[in-house]
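In what follows, a structure is listed as structure tokens, so that the remarks can point back to it.
Because the structure is a prediction, the values reported are computed rather than measured.
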Amino acid sequence: QVQLVESGGGLVQAGDSLRLSCAASGRTFFSITVAWFRQAPGKERDFVAAIRPIGSTTYYADSVKGRFTVSRDNQKNMVYLQMNSLKPEDTGVYYCAASQKTPVLTTAGGVDYWGKGTLVTVSP
């Protein structure tokens with residue numbers, strides 16, 4: 001079992017930066033793929049970024065490439081999402097997600113574990 005707890009959300013203005021954190025439990029954290037998804041009001045939950053356990057290869061949605069950076073600290077069981085140049089369309093609940101069986105975690109269907117989410121609101 002893996003438990004995920006997000007933090008760092010809040011209200012910011014367009015152009016600002018924000019860093020989300022995800023604290024994970026479990027001694028196998030170093031072996032799991034972790035990702036961030038987000039869900040805007042009235043919309044589906046969409047992939048944002050993912051990071052593999054081995055080599056820390058990263059993947060990004062086109063809408064965030066060049067602005068967001070995902071990273072992990074296996075010693076601390078932490079995953080981070082650094083968000084720069086935020087836009088109003090980045091508003092939503094951001095979820096940390098993990099999988100022990102899906103090496104490239106870019107779809108919600110591949111997720112084994114979800115956090116409860118943290119709200120990010122970007123004002124114009």
Side-chain angles (χ1 to χ4, degrees):
Q1 283 286 342
V2 176
Q3 292 185 328
L4 306 168
V5 180
E6 304 93 337
S7 62
L11 172 63
V12 296
Q13 293 184 329
D16 285 350
S17 297
L18 204 59
R19 188 175 84 154
L20 304 183
S21 299
C22 173
S25 66
R27 291 179 289 179
T28 61
F29 174 77
F30 66 93
S31 66
I32 64 174
T33 297
V34 186
W36 290 92
F37 289 75
R38 69 185 178 192
Q39 188 165 20
K43 296 188 177 181
E44 295 184 349
R45 194 170 297 187
D46 292 329
F47 166 74
V48 175
I51 183 165
R52 297 186 65 170
I54 306 299
S56 294
T57 302
T58 56
Y59 305 87
Y60 296 95
D62 289 342
S63 59
V64 306
K65 279 182 182 177
R67 300 188 298 123
F68 290 13
T69 302
V70 60
S71 61
R72 66 191 293 162
D73 186 337
N74 288 339
Q75 297 296 322
K76 297 181 178 179
N77 279 18
M78 295 291 294
V79 179
Y80 306 99
L81 184 67
Q82 177 66 43
M83 305 185 293
N84 298 329
S85 302
L86 282 162
K87 304 175 182 180
E89 50 263 44
D90 295 318
T91 293
V93 178
Y94 282 70
Y95 296 91
C96 185
S99 175
Q100 293 177 308
K101 65 179 185 298
T102 306
V104 182
L105 189 57
T106 58
T107 60
V111 174
D112 296 323
Y113 307 100
W114 290 100
K116 293 184 178 180
T118 184
L119 177 62
V120 173
T121 304
V122 184
S123 63

Open item on the list: Assess the residue pair Val34 and Cys96 against the criterion (side chain to side chain contact (heavy atoms under 4.5 Å, CB included)); give the C-alpha distance rounded to whole Å, side-chain angles, the decisive distance to 0.1 Å, and a yes or no.
Closed with: CA-CA 7 Å; Val34 186; Cys96 185; 3.8 Å; yes

Open item on the list: Apply side chain to side chain contact (heavy atoms under 4.5 Å, CB included) to residues Val111 and Phe37 and explain how you reach the verdict.
Closed with: CA-CA 10 Å; Val111 174; Phe37 289 75; 3.9 Å; yes

Open item on the list: Run Lys65 and Asp62 through salt bridge (Lys or Arg N to Asp or Glu O under 4.0 Å) and show every step you take.
Closed with: CA-CA 5 Å; Lys65 279 182 182 177; Asp62 289 342; 3.2 Å; yes

TODO: Tell me, with the steps shown, if Leu20 and Glu6 meet side chain to side chain contact (heavy atoms under 4.5 Å, CB included).
DONE: CA-CA 7 Å; Leu20 304 183; Glu6 304 93 337; over 6 Å; no

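Nearest heavy atom pair, residue Pro124 against residue Ala14, reads C-CB, 4.2 Å. Nearest heavy atom pair, residue Asp73 against residue Phe29, reads O-CE2, 4.0 Å.
Between Trp36 and Met83, every side-chain heavy-atom pair lies at or beyond the 4.5 Å cut-off. In this structure, Val5 and Lys116 have side chains that are not in contact, with every pair of non-hydrogen atoms separated by 4.5 Å or more. Residues Leu81 and Arg38 are not in side-chain contact: their nearest non-hydrogen atoms beyond the backbone lie 4.5 Å or more apart. For the pair Phe30 and Arg72, the minimum side-chain heavy-atom distance is 4.5 Å or more. For the pair Ile32/Pro53, no side-chain contact is recorded, criterion being any heavy-atom separation below 4.5 Å from C-beta on. Contact of the Gln82 side chain with the Ser71 side chain is not registered, since no non-hydrogen atoms from C-beta on lie closer than 4.5 Å. With contacts defined as side-chain heavy-atom distances shorter than 4.5 Å, the pair Leu4/Tyr95 does not qualify. The closest side-chain heavy-atom distance from Tyr60 to Val70 is below 4.5 Å.
Taking the six-membered ring where tryptophan is involved, the planes of Phe68 and Tyr94 are tilted, since the angle between them lies from 30° to 60°.
Annotation: the span from Leu105 atom CG to Ile51 atom CD1 amounts to 12.0 Å, rounded to 0.5 Å.
Around the CD atom of Glu89, the shell of radius 6.0 Å holds more than 12 heavy atoms that belong to other residues, nucleotides or ligands. Heavy atoms of other residues, nucleotides or ligands lying less than 6.0 angstrom from NZ of Lys101 number more than 12.
Proximity of a side-chain donor or acceptor of Arg67 to a complementary backbone N or O of Ser85 within less than 3.5 Å is detected. A donor-acceptor pair is defined here as one N or O able to donate and one able to accept, closer than 3.5 Å; such a pair exists between the side chain of Thr33 and the backbone of Pro103. The main-chain N or O of Gln3 is found under 3.5 Å from a side-chain atom of Ser25 such that the two form a donor-acceptor pair. In terms of modelled atom types and a separation under 3.5 Å, the side chain of Thr91 and the main chain of Val122 share a donor-acceptor contact.
Residues Val48 and Met78 do not share a hydrophobic cluster, defined by chaining ILVMFWY side chains whose heavy atoms lie under 4.5 Å apart. Following chains of ILVMFWY side-chain contacts shorter than 4.5 Å, one can reach Trp114 starting from Phe47, so the two form part of one hydrophobic cluster.
Counted by atom type alone, Gln100 and Tyr113 present one or more donor-acceptor pairs between their side chains at under 3.5 Å.
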